[in-house]
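Count residues from 1 along the sequence.
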Amino acid sequence: MTDDELGFFEEQEEGGKPRKDRRRVKLAVFGLVVLALIGGGVWYGWRQLSGIGDYDDFQGAGETDIVVEVKGGDSTGAIANRLKDDGVVASSRAFVAASEDDNRVRSVQPGYYVMRTKISGKDAVTRIVNPTSRVGNLQIKAGTQFDDITNGTAVTPGVYSLISKASCANLNGKQTCVSVEDLRKTVETANLSALGVPEWAIPDASNSPEPKRRLEGLIMPDVYEVKPGTSAEEVLKKLVADSSARLQSVGMPALADATGFTPYQLLVMGSLVQREAIVGDFGKVSRVTYNRLAKGMKLEYDSTVNYVLDRPSIMTKPEDRAKAGPYNTYANTGLPPTPIAAVSREALEAAAKPVDGTWVFFVRCQKDGTSCFANTLEEHQANVALAEKNDAY
């Protein structure tokens with residue numbers, strides 16, 4: 001072997017005498033050990049995620065029903081770990097391995113699912129991808145009010161009824177619904193601050209002439225998740241918190257800064273716009289509202305009269321308009337005491353930034369809901385005649 005070949009292990013001292021370079025040998029051995037450890041860790045991790053090899057798994061029909069949450073952005077592994085922690089599967093690998101044969105696991109949406117404790121990974125996959133397993137989905141549309149609206153024999157569910165229905169699940173043979181009565185009682189009696197109502201809304205909402213309407217308008221239209229098996233207070237706390245985040249995303253309460261109204265008053269105005277117009281007319285109806293308030297005119301909005309009658313009629317009857325009450329804008333000047341419906345982003349933004357105009361009257365004059373606007377009573381009467389001719393209401 002030449003000196004060059006021995007160079008990795010030897011150095012030449014002064015005078016030509018070679019010696020061992022133990023330091024280099026130790027470094028080389030240490031490097032090989034580190035590479036081996038890294039390689040082994042990668043292999044083990046891959047085995048863990050892929051489900052290869054032995055893993056614990058339950059067998060049989062399981063023990064008890066349980067509600068499990070899938071959170072936004074959860075990977076298959078994250079879902080598997082949560083199922084393991086909740087006692088649904090014996091190991092996360094049991095679920096991950098079973099999910100390899102069912103791509104639908106990747107499409108599982110955030111929300112709540114009824115599962116069962118101590119079931120196999122395969123059964124867990126089958127359950128979680130079954131649409132009937134998902135519970136607690138709550139959809140609130142713009143313009144929905146807390147109480148049901150009755151029109152003859154037809155009933156449009158209000159927020160109370162929608163929450164109650166969403167809270168239902170069959171767990172171990174029993175229904176776990178929060179009743180409308182419990183929800184209403186909680187709204188009427190609970191501390192609004194404890195429910196998480198935004199500070200800017202608490203003073204006005206607390207002074208509502210009808211306590212059951214204290215949360216009206218504070219639950220924005222959107223899709224929410226309600227966990228079955230929780231109390232009325234817990235359900236409302238989560239909804240108020242989620243809705244408060246949505247209100248902040250719209251710009252509340254700062255959205256009201258340049259309007260001359262408080263944030264709560266802006267929310268009330270947004271609800272009027274929501275119930276009185278189609279989206280294309282939001283800005284104009286908002287302007288009419290500003291103009292009438294500035295002139296000290298009564299708003300005379302049928303939507304506010306209908307609100308306490310729980311009736312969806314576009315036009316009101318003379319006897320209804322003659323009834324006294326804080327929501328009757330034919331009898332009272334100014335805004336009603338609370339919002340009258342769930343307010344969309346578009347309606348709230350229109351309330352904050354009305355279009356320019358001098359109108360003080362409007363009426364739905366087209367069958368598609370489009371309104372005609374007027375500056376004088378004579379113009380308005382002509383628009384009413386047009387609405388009647390078009391059978392717009």
Side-chain angles (χ1 to χ4, degrees), residues 138-149 156-160 162-163 187 192 195-205 208 210 212-224 236 239-290 293 299 301-308 310 312 326-327 329 334-355 362 369 371:
L138 170 64
Q139 298 184 36
I140 298 176
K141 296 180 179 179
T144 303
Q145 64 184 59
F146 262 66
D147 284 324
D148 296 348
I149 292 176
T156 301
V159 174
Y160 280 128
L162 293 173
I163 295 174
V187 170
L192 293 184
L195 283 182
V197 172
E199 289 186 10
W200 53 262
I202 290 176
D204 292 294
S208 169
E210 298 183 34
K212 71 174 184 177
R213 305 188 191 279
R214 296 197 301 166
L215 290 189
E216 193 76 81
L218 290 169
I219 306 295
M220 287 194 76
D222 211 328
V223 178
Y224 299 88
L236 288 168
L239 289 178
V240 169
D242 290 346
S243 182
S244 294
R246 288 161 172 77
L247 283 167
Q248 287 181 351
S249 72
V250 178
M252 290 290 277
L255 192 63
D257 287 351
T259 66
F261 296 95
T262 68
Y264 192 80
Q265 288 174 325
L266 186 68
L267 193 64
V268 174
M269 293 172 70
S271 73
L272 300 180
V273 169
Q274 188 78 61
R275 291 297 294 270
E276 287 286 336
I278 61 174
V279 175
D281 286 336
F282 278 0
K284 289 184 176 180
V285 170
S286 177
R287 174 51 65 191
V288 171
T289 305
Y290 273 76
L293 290 173
L299 292 178
Y301 287 170
D302 291 325
S303 60
T304 64
V305 176
N306 280 326
Y307 174 62
V308 291
D310 300 332
Y327 291 91
T329 54
L335 294 168
T338 70
I340 61 172
V343 189
S344 67
R345 171 188 289 267
E346 294 80 7
L348 198 53
E349 290 176 343
K353 298 178 181 179
V355 300
F362 71 93
S371 294

Self-check item: Polar contact flag, side-chain donor to acceptor under 3.5 angstrom, Thr304-Thr329
Solution: yes

Self-check item: Donor-acceptor contact present, side-chain Ser271 to main-chain Val268, <3.5 Å
Solution: yes

Quiz item: Are any of the side-chain heavy atoms of Leu138 and Leu239 separated by less than 4.5 Å?
Solution: yes

Quiz item: What residues form a side chain to side chain contact (heavy atoms under 4.5 Å, CB included) with Pro337, not counting sequence neighbours?
Solution: Pro209, Pro326, Tyr327

Quiz item: Does Asp148 use its side chain to pair, donor to acceptor, with the backbone of Gly158 at less than 3.5 Å?
Solution: yes

Which atom pairs, one a donor and one an acceptor, fall under 3.5 Å between side chains of residues 215-223 and the rest of the protein, sequence neighbours left out?
residue : atom : partner : partner atom : Å
Glu216  : OE1  : Phe146  : N            : 3.2
Glu216  : OE1  : Tyr307  : OH           : 2.7
Glu216  : OE2  : Phe146  : N            : 3.1
Asp222  : OD2  : Arg246  : NE           : 2.6

Practice problem: Not counting sequence neighbours, which residues clear side chain to side chain contact (heavy atoms under 4.5 Å, CB included) with Pro203? List them please. | Solution: none

Quiz prompt | ring pair (Phe, Tyr, Trp, His ring centres under 6.0 Å) partners for Phe282, two or more places apart | solution = none

Quiz item: What residues, two or more places apart in sequence or in another chain, satisfy side chain to side chain contact (heavy atoms under 4.5 Å, CB included) together with Ser244?
Solution: Pro198, Val240

Self-check item: Non-hydrogen atoms of Gly334 and Leu293 that approach each other most closely
Solution: CA-CD2, 3.8 Å

Quiz item: Quick one: side-chain hydrogen bond (donor to acceptor under 3.5 Å, both in side chains) partners of Thr289, sequence neighbours excluded?
Solution: Tyr301

Quiz item: Once you round to the nearest 0.5 Å, how far does CD of Gln274 lie from CD1 of Ile340?
Solution: 9.5 Å

Practice problem: Mind running side-chain contact (heavy atoms from CB on, under 4.5 Å) on Thr338 and Arg214 for me, showing each step along the way? | Solution: CA-CA 7 Å; Thr338 70; Arg214 296 197 301 166; over 6 Å; no

Self-check item: Gap separating the CD atom of Glu349 from the CG atom of Leu266, nearest 0.5 angstrom
Solution: 10.5 Å

Practice problem: Considering non-hydrogen atoms only, spot the tightest contact between Ser286 and Ala351 and give its length. | Solution: OG-CA, 3.4 Å

Exercise. Over all heavy atoms of both residues, which pair between Val343 and Leu267 is shortest? Give the atoms and the distance, please.
Key: CG2-O, 3.7 Å

Quiz item: Under 3.5 Å, is there a donor-acceptor pair between the side chain of Glu276 and the main chain of Ser303?
Solution: yes

Practice problem: Under the salt bridge (Lys or Arg N to Asp or Glu O under 4.0 Å) rule, collect the residues that match up with Arg287, sequence neighbours excluded. | Solution: none

Exercise. Could you pull out all residues at least two apart from Ile278 that satisfy side chain to side chain contact (heavy atoms under 4.5 Å, CB included)?
Key: Asp281, Thr370

Practice problem: Could you please spell out the steps behind the side-chain contact (heavy atoms from CB on, under 4.5 Å) verdict for Leu348 and Leu247? | Solution: CA-CA 10 Å; Leu348 198 53; Leu247 283 167; 4.2 Å; yes

Quiz item: With sequence neighbours left out, what residues match Asp242 under salt bridge (Lys or Arg N to Asp or Glu O under 4.0 Å)?
Solution: Lys238

Self-check item: Which atom of Pro157 lies closest to which atom of Thr144, heavy atoms considered
Solution: O-CG2, 3.9 Å

Practice problem: List for me each residue that meets ring pair (Phe, Tyr, Trp, His ring centres under 6.0 Å) alongside Tyr290, sequence neighbours excluded, and say none if there are none. | Solution: Phe261

Self-check item: Atom pair OH (Tyr160) and CD (Gln145), whose distance is rounded to the nearest 0.5 Å
Solution: 11.0 Å

Exercise. Return the minimal non-hydrogen interatomic distance between Tyr264 and Pro339, and the atom names on each side.
Key: OH-CD, 3.2 Å

Self-check item: Straight-line distance of Gln265 CD to Asp204 CG, nearest 0.5 Å
Solution: 7.0 Å

Self-check item: Atom pair CG (Leu162) and CD (Gln139), whose distance is rounded to the nearest 0.5 Å
Solution: 9.5 Å

Quiz item: Partners of Glu210 by salt bridge (Lys or Arg N to Asp or Glu O under 4.0 Å), sequence neighbours excluded?
Solution: Arg213

Quiz item: OG of Ser243 to CG of Leu236: how many Å apart, nearest 0.5 Å?
Solution: 11.5 Å

Quiz item: Which residue pairs satisfy the salt bridge (Lys or Arg N to Asp or Glu O under 4.0 Å) criterion with at least one member in residues 253-266, sequence neighbours excluded?
Solution: none

